[in-house]
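First the structure, in the form of structure tokens, and then the observations on it.
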Amino acid sequence: MVTKFFLRPNPVPLTIVSPTHLFLFPKPPLSKLTTISLLSTATHAIIAQAEALPYGPSLLKGKIPFQYSPQQQQHQVQYCQSQLGAKLLNGNKQSQEDDEQEDHGDGDSVIDKEKFTRVFEIAALRVPAKDCFALESRLRGHLLNWPRIRNIARVPGDEVEEELAPLLGATQNGNTDEEGNFDALNRRIYGRAEGDGEELSPVLYRERLAKEFNARGFVRFRNLAKVSRPPRKKRKQGEGEEKKRERNERKGRDEFSMVEVVEEDVGEDWKGLLGDEFKGRSKWRGSTRLLLLDESYADKGVEDLPQAIKVALQESMREYSTSTFELIRCKLTLFYDYWQMNEVLEALLPQGMIIPSAFETIGHIARLNLRDEHLPYKNLIAKVVLDKNKPKIQTVVNKIDAIHNDYRTMQLEVLAGNRSLVTMVVENGLRFHVDLATVYWNSRLATERQRLLNGFTRSDVVCDVFSGVGPMALSAAKIVKRVYANDLNPHAVDYLERNSVLNKLEKKIEVFNMDGRRFISAVFSSEKAQTITQVVMNLPNDASEYLELSLNVVASINRCI
Ligand SMILES: C[S@@+](CC[C@H](N)C(=O)[O-])C[C@H]1O[C@@H](n2cnc3c(N)ncnc32)[C@H](O)[C@@H]1O
């Protein structure tokens, strides 16, 4: 049974998770065991606020939204301590083996994603939906501005169907008030308004239209609005009320974050901020949105909001006579999927350990090159790499040994994801099928290959002695007259042939499967030798030997001629 838990001598106290999903922060000196501390029994466990934490979201800030009973906590601590003690005493060996068996390489049982959930209390302005974008750009400096979190948030029930607004007595488009204002204005200027008897003269009528024309909303020009606006996306057929409700419930939540309202309008004194103009404004009953405010306003009242917000709201009130605002308290929850790979690994790996952040991507495969110190956490690391790089990455492998064999294939261990090592790589506009279990591939050589290709011309004939699956030979075939490609590995030759067909280059390439020495002798003793202008040899360890051979062969041929 795998049991893992945090033990970390840093300002974050131990957080207890489910009994089967404890975290391991292994091998601190025994004296550090005393740093285990428990979260309070309050409904929310507050992570200690480390001093001078950086601005923005952090796993060291916020609250953990779940907690265990004191008995459960006690049980967990005893369990953790006994496990850790056992691990330390046994040199961590046996437990590690157990872990590996249990993990089956996918690390799923190692990471308790719930542990990465953090709740942040923030304040938000509830504003009319139609004003939200304008206000967002005006107030940007005072908004939350957290990476990947939209400043404009949606919550369930924030959308009111246009047809429903009048039933709610709302003045969503300001019709009632505007109508009244307009009539009053007409009466003041002309002594009468529409409906008072006489028809308005064409001039007055035009004047009225001009006043009513609202470039944003086409208030009175429904047909014009229809022509100008792009058609609404048609909802999928068969999507019923059920789906609609579901969509509404999901509002405010995506895969990595969720916004919930916890306290409705906490701004009693809007008049104090916005002046008498605000007095008597009825509550907005149309569609609304939340503008998430900077974290420093989390517990501020209306009176503490800065002047810039006041000015922006006042202008919005002037422009839209019905605008109204609310200051509300919200909960922003960030889930495991929100955090970046390095943040998650930093939380999981022991303090001071270098966080593995680089890997080579070969098609859908991420290839790690883990250090020895990482090996006890290899499944954990691989799972995080997989989670954080999906869907592009489907498999995570680790290079387990230096390349020793003739075919230059790597010894790879699949740590997470699907086990297929057959993938497709795109390089230089060409597609290459590769099976990392049987052939050589190194994406890092792409630049070097490009450097060589830049020297080739249409009149060249290229001889690639160690061609592998053809990254050089096929790229050259796109440019030059003819390519002779050879490899000792039959799998590589098989893929080379397939790849030449896949890229429609089979007519320009001739493929050989023999030892490089034989290939050189054969090619240079045939009539092909007369045409070859470029020879590529990519076999780092033995290339010099082959170069010598090539030169000798060429020299002897020249002597014969
Ligand atoms: C470093 S890889 C380079 C492959 C290819 N040029 C590339 O960049 O992907 C070396 C290749 O040489 C092949 N090889 C190794 N020894 C060989 C030999 N004696 N004769 C021919 N090919 C050989 C291996 O199978 C391997 O595909």
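Counting starts at 1 for both ligands and their atoms, following the listed order.
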Task: Heavy-atom closest pair, residues S443 and R449 - done: CA-NH2, 4.4 Å
TODO: For residues A473 and V483, report the shortest heavy-atom separation together with the two atoms involved.
DONE: O-CG2, 3.7 Å
Distance to 0.1 Å, residue and atom name: give those for the protein heavy atom nearest to [atom].
{"atom": "atom 2 (S) of ligand 1", "value": "Y440 CD2, 3.4 Å"}
{"atom": "atom 19 (N) of ligand 1", "value": "D515 OD1, 2.8 Å"}
{"atom": "atom 3 (C) of ligand 1", "value": "N538 ND2, 3.4 Å"}
{"atom": "atom 8 (O) of ligand 1", "value": "R449 NH1, 2.9 Å"}
{"atom": "atom 20 (N) of ligand 1", "value": "G516 N, 2.8 Å"}

Open item on the list: Taking R444's backbone N and O only, do any of them form a donor-acceptor pair with N442's side chain (distance below 3.5 Å, no angle check)?
Closed with: yes
Can a salt bridge be assigned to the pair [X] and [Y] using a cut-off of 4.0 Å between side-chain N and carboxylate O?
{"X": "K113", "Y": "D387", "value": "yes"}
{"X": "K528", "Y": "E510", "value": "yes"}
{"X": "K61", "Y": "E295", "value": "yes"}

Task: Cation-pi check, K481 onto F456 ring (under 6.0 Å, within 45° of axis) - done: no
Open item on the list: Below 4.0 Å from ligand 1: does a non-hydrogen atom of M472 turn up there or not?
Closed with: no
TODO: For S467 and ligand 1, answer yes if some heavy atom of the residue is under 4.0 Å from a ligand atom, otherwise no.
DONE: yes
TODO: Identify, by atom number and element, the atoms of ligand 1 in contact range of N489, meaning under 4.0 Å from any of its heavy atoms.
DONE: 25 (O)
If hydrogens are left out, which of [options] has an atom nearest to [atom], that is, the closest non-hydrogen atom?
{"atom": "atom 24 (C) of ligand 1", "options": "L445, D487, N442", "result": "D487"}
{"atom": "atom 7 (C) of ligand 1", "options": "P471, A446, G468", "result": "P471"}
{"atom": "atom 4 (C) of ligand 1", "options": "F519, W441, F466, Y407", "result": "F466"}
{"atom": "atom 16 (N) of ligand 1", "options": "D406, N405, V465", "result": "D406"}

Open item on the list: Side chain, backbone, both or neither: which applies to M514 and ligand 1 if a contact is any heavy-atom pair less than 4.0 Å apart?
Closed with: backbone
- [ ] Specify side chain, backbone, both or neither for L539, according to which of its non-hydrogen atoms lie closer than 4.0 Å to ligand 1.
- [x] side chain
Open item on the list: For F432 and W441, take the angle between the two ring planes, folded into 0 to 90°, and tell me which bin it lands in: parallel under 30, tilted 30 to 60, perpendicular over 60.
Closed with: tilted
TODO: Mind telling me whether Y338 and F256 have parallel, tilted or perpendicular rings, with 30° and 60° as the class edges?
DONE: tilted
